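Within every chain, numbering begins at 1; the chains are lettered A, B, ... in the order of the sequence lines, protein sequences first and strands thereafter. Worth saying up front: this structure is predicted, and the values here are computed from it rather than measured.
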Protein chains: 2
Amino acid sequence: MIIIYFLIFAVRFSHQREKIREIVYNTNSHPTADKIFLEAKKSIPKISLGTVYRNLKQLEISGEIKTIYDDNIARYDWNTEPHNHLKCKNCGDLIDIVLKDKSIHPKIKKDFKFNVDKVEMFIIGTCKKHAKQT
Amino acid sequence: MIIIYFLIFAVRFSHQREKIREIVYNTNSHPTADKIFLEAKKSIPKISLGTVYRNLKQLEISGEIKTIYDDNIARYDWNTEPHNHLKCKNCGDLIDIVLKDKSIHPKIKKDFKFNVDKVEMFIIGTCKKHAKQT
DNA sequence: AAATAAATAATAATCATTCCTATTATTATT
DNA sequence: AATAATAATAGGAATGATTATTATTTATTT
Ligand SMILES: [Mn+2]
Ligand SMILES: [Mn+2]
Ligand SMILES: [Zn+2]
Ligand SMILES: [Zn+2]
C-alpha cells in the first residue's frame with residue numbers, strides 16, 4: 001500500500017511581504033529585523049514586528065533572501081550568492097566580499113572526511129573610514 | 001598638571017570561577033553557558049546562571065577562554081589559539097581546524113583598504129558520522 | 001456574492017543574556 | 001584570631017531578540 005500526502009501551502013500575495021522584500025532588496029547594509037520593521041512602518045503604519053519576522057523567514061525559505069548572524073543578532077541580505085563579509089569592529093559595517101578560493105574543500109574532505117556545503121566567514125578588522133594617517 | 005588614575009581591580013579567588021574554568025578546559029564540545037551551568041551544578045548545587053555568565057565573560061577578558069557565536073548562541077572554547085570550526089549541520093558538532101593560510105590578509109588590505117584582525121570562519125557541512133555508503 | 005483558508009495585528013510567551021541587590025566569602029590589616 | 005574592606009555570589013527581576021497564539025482581515029476560489 002502506498003500512501004501519498006500532498007501538503008499544499010498556497011502562498012498568496014500580501015502588501016506587507018512585498019514591502020519587506022522591497023526593503024531588503026534596496027538596502028545594502030544587511031539590516032536587522034527591527035530596521036526593516038521601522039522602514040516598513042513608514043508606508044504600512046500598522047505593520048507588526050511579528051509579520052516582519054514571519055515574512056523574512058518565509059523569504060529565506062523560498063531562497064529570496066539570506067540570513068546572516070552578526071554575533072548574536074540576525075541580519076538580512078538580498079545577496080543570495082555565496083559571498084563573505086568584512087566586519088568593521090569600529091563602525092559595525094558589513095562589506096560584501098567574494099573569495100572564489102574553493103581549495104579548502106578537498107583538503108577538508110581528505111583530512112576530516114567532512115563534506116563542505118558552504119563557508120561562512122566574518123573577516124573582522126577596521127574599514128578604510130578609520131584609516132590612520134601614514 | 002598630570003593626573004594619573006589607578007583603577008585597581010583585585011580579582012580574587014572563587015570556587016565558582018575555578019569550577020567554570022575547569023569545565024571549559026575539560027570540554028571539547030564548545031559548550032554553551034547553560035551546559036556549563038548544568039555541569040557546575042553537580043558540584044556546586046547553589047551556583048546561579050548569572051555567576052556562570054559573569055565569570056565566562058571575565059575569563060574571556062583575561063584571555064583564558066574564547067567566545068564563539070554559533071548562529072545566535074554563545075559557546076565557549078578553551079582553545080584561544082587562532083583556529084576555525086567545521087560545523088556539522090546534521091548533529092551540530094563543532095570540530096576544530098587550523099587553516100594556516102594568511103594569504104587573504106594582504107589581498108583584502110589591497111582591494112578594500114581593510115585592516116584584518118582576525119578571520120572567523122564556520123565551515124558548514126556534514127561530518128563523517130553521517131557519511132553515506134559509497 | 002459566498003466560501004475557504006492564508007496572512008495579519010496585537011499581544012503573550014520564550015529564550016538567552018544582563019542587571020540589581022542584599023548577603024556571603026576572600027583577602028588584607030590589626 | 002578578630003576586624004575591616006570590598007569582590008563575588010545567589011536569586012530574581014529586567015532586557016532584547018525572536019517565536020507562538022488567536023481573533024480578525026484579506027486574497028483567492030467557487
Ligand atoms: Mn552580504
Ligand atoms: Mn574551537
Ligand atoms: Zn568602519
Ligand atoms: Zn555530524
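Residue B:N55 contributes atom CG, which lies 15 Å from atom P of D:dA7 at whole-angstrom precision. Atom CG in A:L56 sits roughly 15 Å away from atom P in C:dA7 (whole-Å rounding). Taking atom CZ on B:F13 and atom C1' on D:dT9, their separation rounds to 13 Å, with Å as the unit. Look at OH on A:Y69: it is 14 Å from P on D:dA17, rounded to the nearest Å. Across the protein-nucleic acid pair, A:K57 atom NZ and D:dT19 atom C1' stand 7 Å apart, rounded to whole Å. In this structure, CD1 of B:I47 is placed 16 Å from P of D:dG12, rounded to the nearest angstrom. If you measure from atom CD1 of B:I68 to atom P of C:dA16, you get 16 Å, rounded to the nearest angstrom.
The side chain of B:S14 contributes no N or O atom lying less than 4.0 Å from OP1 or OP2 of D:dA7. Distances shown here put every side-chain N or O of B:Q58 at or beyond 4.0 Å from the OP1 or OP2 atom of D:dA7. A sub-4.0 Å separation between OP1 or OP2 of D:dT19 and a side-chain N or O of A:Y53 is absent. At the phosphate of D:dT9, neither OP1 nor OP2 sits under 4.0 Å from any side-chain N or O atom of B:K46.
Residue-level contact check: A:R54 touches the bases, meaning some heavy atom is under 4.0 Å from a base atom. Note on A:N72: nothing from the nucleic acid sits closer than 4.0 angstrom, heavy atoms only.
With sequence neighbours excluded, no residue forms a side-chain hydrogen bond (donor to acceptor under 3.5 Å, both in side chains) with B:K110. With sequence neighbours left out, the salt bridge (Lys or Arg N to Asp or Glu O under 4.0 Å) criterion links B:R75 to B:D70. Judged as a salt bridge (Lys or Arg N to Asp or Glu O under 4.0 Å), and not counting sequence neighbours, A:D96 has no contacts. Residues that satisfy the side-chain hydrogen bond (donor to acceptor under 3.5 Å, both in side chains) test with B:K89, not counting sequence neighbours, are A:D117. With sequence neighbours left out, the side-chain hydrogen bond (donor to acceptor under 3.5 Å, both in side chains) criterion links B:Q58 to no other residue.
Evaluation of the ring pair (Phe, Tyr, Trp, His ring centres under 6.0 Å) test over residues 15-39 of chain B, restricted to residues two or more places apart or in two chains, returns B:F13-B:H15, B:H30-B:H85. Evaluation of the ring pair (Phe, Tyr, Trp, His ring centres under 6.0 Å) test over residues 54-78 of chain B, restricted to residues two or more places apart or in two chains, returns none.
Taking 4.5 Å as the limit, every side-chain heavy atom of A:I104 sits out of range of all side-chain heavy atoms of A:V116.
The two residues A:C127 and A:C88 come nearest to each other via the heavy atoms N-SG, 3.4 Å. Nearest heavy atom pair, residue A:E39 against residue A:I23, reads CG-CD1, 3.6 Å. When every heavy atom of B:K66 is checked against every heavy atom of B:T80, the shortest pair comes out as N-CG2, 4.2 Å.
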Base-pair string, DNA chain C, Watson-Crick plus G-U, cut-off 3.5 Å on both distances, | for inter-strand, is ||||||||||||||||||||||||||||||
Any protein N or O atoms within reach of nucleotides 11-13 of chain C? Criterion: under 3.5 Å, listing atom names and distances.
none

Could you run down the sub-3.5 Å N/O contacts of the protein with nucleotides 22-26 of chain D?
{"from": "D:dT26", "atom 1": "O2", "to": "A:R12", "atom 2": "NH2", "distance (Å)": "3.2"}

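One finds no salt bridge joining B:K57 and B:E60 here, because no Lys/Arg side-chain nitrogen approaches an Asp/Glu carboxylate oxygen to under 4.0 Å.
By the 6.0 Å contact criterion, NZ on B:K35 is open, its count of non-hydrogen atoms from other residues, nucleotides or ligands being 12 or less.
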Donor-acceptor contacts under 3.5 Å from residues 45-53 of chain A side chains, at least two apart:
{"from": "A:S48", "atom 1": "OG", "to": "A:T51", "atom 2": "OG1", "distance (Å)": "3.3"}
{"from": "A:T51", "atom 1": "OG1", "to": "A:R54", "atom 2": "NH2", "distance (Å)": "3.1"}

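Residues of residues 28-43 of chain B having a heavy atom closer than 4.0 Å to DNA chain D: none are found.
For the pair B:I44 and A:I73, nearest-nucleotide mapping onto DNA chain D gives the more 5' position to B:I44.
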